[in-house]
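See structure below.
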Amino acid sequence: MANPEQGNETSITEFILLGFGTLPELQILLFLLFLLIYIATVAGNILIVALVVTDQHLHTPMYVFLGNLSWLETCYTSTILPSMLASLLTKDRTISFSGCLTQYFFFGSMIATECLLLSVMSYDRYLAICNPMHYATRMNRRLYLQLAGGSWTGGFLCSGIITLSISQLTFCGSNVIDHFLCDLIPLINLSCNDPQLMEILAFTLCLIFLVVPFLLTLMSYICIIATILRIPSSTGRQKAFSTCSSHLIVVTMYYGTLLIAYMFPTTNTLKDFKKVLSVIYTVLTPLVNPLIYSLRNKEVKESLRKASRKFMFGRG
């Protein structure tokens with residue numbers, strides 16, 4: 001509940017994102033670094049989306065999910081990096097209250113959607129490797145489109161609930177956020193209201209949209225690895241593992257950093273470390289996903305080669 005004294009206090013209309021302001025001598029270097037990362041991220045992910053859309057051989061559940069993931073990563077990084085780049089270049093670190101809520105809504109939506117989508121992708125690999133005879137009938141067009149659409153719907157619904165709850169809070173004290181984006185925990189800490197209800201809501205939604213998808217993904221991969229180890233030939237084992245190794249790398253990076261960032265309490269010791277983790281799952285993961293999937297996937301590499309030949313030499 002709000003403090004009774006806060007009636008005479010002025011409500012906050014904007015926030016200050018400290019970002020990397022504690023490193024003034026590195027601002028230009030950081031700007032150039034993040035600009036290159038942003039360009040490479042958008043280019044790489046848009047390329048994968050274009051390959052999945054245009055190549056008929058990639059119109060399968062696995063690549064439809066990959067196309068969704070790449071489009072999500074493009075939206076994800078575009079929610080954060082342009083404003084961060086502007087801040088580094090102009091040194092203006094202010095963001096309006098509505099702008100902060102808007103950024104959090106889309107940022108939170110992308111996080112929740114990616115958690116659900118990675119879980120769906122692991123289920124797809126589980127069916128393909130553990131139940132190959134029934135894969136085509138179970139993972140039909142209707143189901144994989146419903147799973148992809150459900151991931152997006154669930155992610156935006158989760159973030160919408162939290163954003164609406166944040167908009168009802170009162171901010172009347174400090175307006176300084178020691179982060180490079182508007183995130184849930186810093187906003188709760190700045191609120192003048194009793195944080196208990198918001199913390200319970202946030203914890204519940206984290207369980208549903210982070211921990212449960214992580215556990216489902218973990219169970220899928222335990223079954224996948226057990227099935228692969230039972231394959232008698234080493235060639236068969238290698239081929240089966242190659243179909244899911246890329247996804248396993250992405251899952252480990254993404255869930256690992258998210259679980260530490262959101263499920264562990266933020267102490268003074270962990271505050272800077274969590275900021276580094278935030279850079280990993282918001283900036284680096286969207287950058288390396290196209291590289292991981294394109295370099296470790298024969299079908300994507302072949303599609304890229306065909307597209308390159310068509311671009312350079314035409315249809316002839």
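Along the sequence shown, residues are numbered consecutively beginning with 1. Since the structure is predicted, the reported quantities are computational estimates derived from the model, not experimental observations. These numbers come from the heavy atoms of this one structure, side chains and all, not from hydrogens, waters or symmetry mates.
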Exercise: identify the closest heavy-atom pair between [X] and [Y]:
X      : Y      : answer
Lys274 : Ile260 : CE-O, 3.5 Å
Ser109 : Ser159 : OG-CB, 3.2 Å
Phe65  : Leu117 : O-CD2, 4.1 Å
Ala261 : Ile185 : O-CD1, 4.3 Å

Enumerate the salt bridge (charged side-chain N to carboxylate O under 4.0 Å, His left out) contacts for [range], please, sequence neighbours excluded, ordered by first and then second residue.
range            : answer
residues 253-263 : none
residues 48-76   : Asp55-Lys306
residues 167-176 : none
residues 163-179 : Asp178-Lys271, Asp178-Lys275

Distance (rounded to the nearest 0.5 Å) between [X] [atom1] and [Y] [atom2]:
X      : Y      : atom1 : atom2 : result
Thr170 : Asn193 : OG1   : CG    : 4.5 Å
Leu205 : Leu157 : CG    : CG    : 9.0 Å
Glu14  : Arg93  : CD    : CZ    : 14.0 Å

Check side chain to side chain contact (heavy atoms under 4.5 Å, CB included) between [X] and all other residues, then give those that pass, not counting sequence neighbours.
X      : result
Ser83  : Gln103
Thr41  : Ile37, Asn45, Thr77, Pro286, Leu287
Thr153 : none
Leu258 : Ile111, Cys115, Leu210, Tyr254, Tyr262, Tyr281

(Q) Running the 4.5 Å side-chain criterion over Ile, Leu, Val, Met, Phe, Trp and Tyr, what cluster does Val212 land in, apart from itself? (A)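 Members other than Val212 - counting any ILVMFWY side chain reachable under 4.5 Å - are Leu216.
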Q) Please, which pairs that meet side-chain hydrogen bond (donor to acceptor under 3.5 Å, both in side chains) have at least one residue in residues 63-72, sequence neighbours excluded? A)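 Checked against side-chain hydrogen bond (donor to acceptor under 3.5 Å, both in side chains) - neighbours excluded - the pairs reaching residues 63-72 are Tyr63-Asn297, Tyr63-Glu299, Asn68-Trp152.
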Q: Provide the full list of side-chain hydrogen bond (donor to acceptor under 3.5 Å, both in side chains) pairs with a residue in residues 127-137, sequence neighbours left out, each pair given once.
A: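 side-chain hydrogen bond (donor to acceptor under 3.5 Å, both in side chains) check on residues 127-137 returns Asp124-Tyr135.
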Q: Apply ring pair (Phe, Tyr, Trp, His ring centres under 6.0 Å) to Tyr38 and list each qualifying residue two or more places apart in sequence or on a separate chain.
A: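 With sequence neighbours excluded, Tyr38 shows a ring pair (Phe, Tyr, Trp, His ring centres under 6.0 Å) to no residue whatsoever.
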Side chain [X], main chain [Y], donor-acceptor under 3.5 Å:
X      : Y      : answer
His179 : Leu18  : no
Ser303 : Val300 : no
Asn140 : Leu143 : yes
Asn175 : Ile12  : no

Q. Would you say the SG of Cys100 sits less than 2.5 Å from the SG of Cys182?
A.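 Yes; the two sulfurs sit under 2.5 Å apart.
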Q: Would you please indicate yes or no on a ring centroid separation below 6.0 angstrom for Tyr126 and Tyr221?
A: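 Not close enough - the centres of the two rings lie 6.0 Å or further apart.
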Q) Are Tyr76 and Phe106 near enough that their ring centres are under 6.0 Å apart? A)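 Aromatic pair excluded; centres sit 6.0 Å or further apart.
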Q) Side-chain contact, heavy-atom cut-off 4.5 Å: Val250 with Leu118? A)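 Side-chain contact under 4.5 Å: yes.
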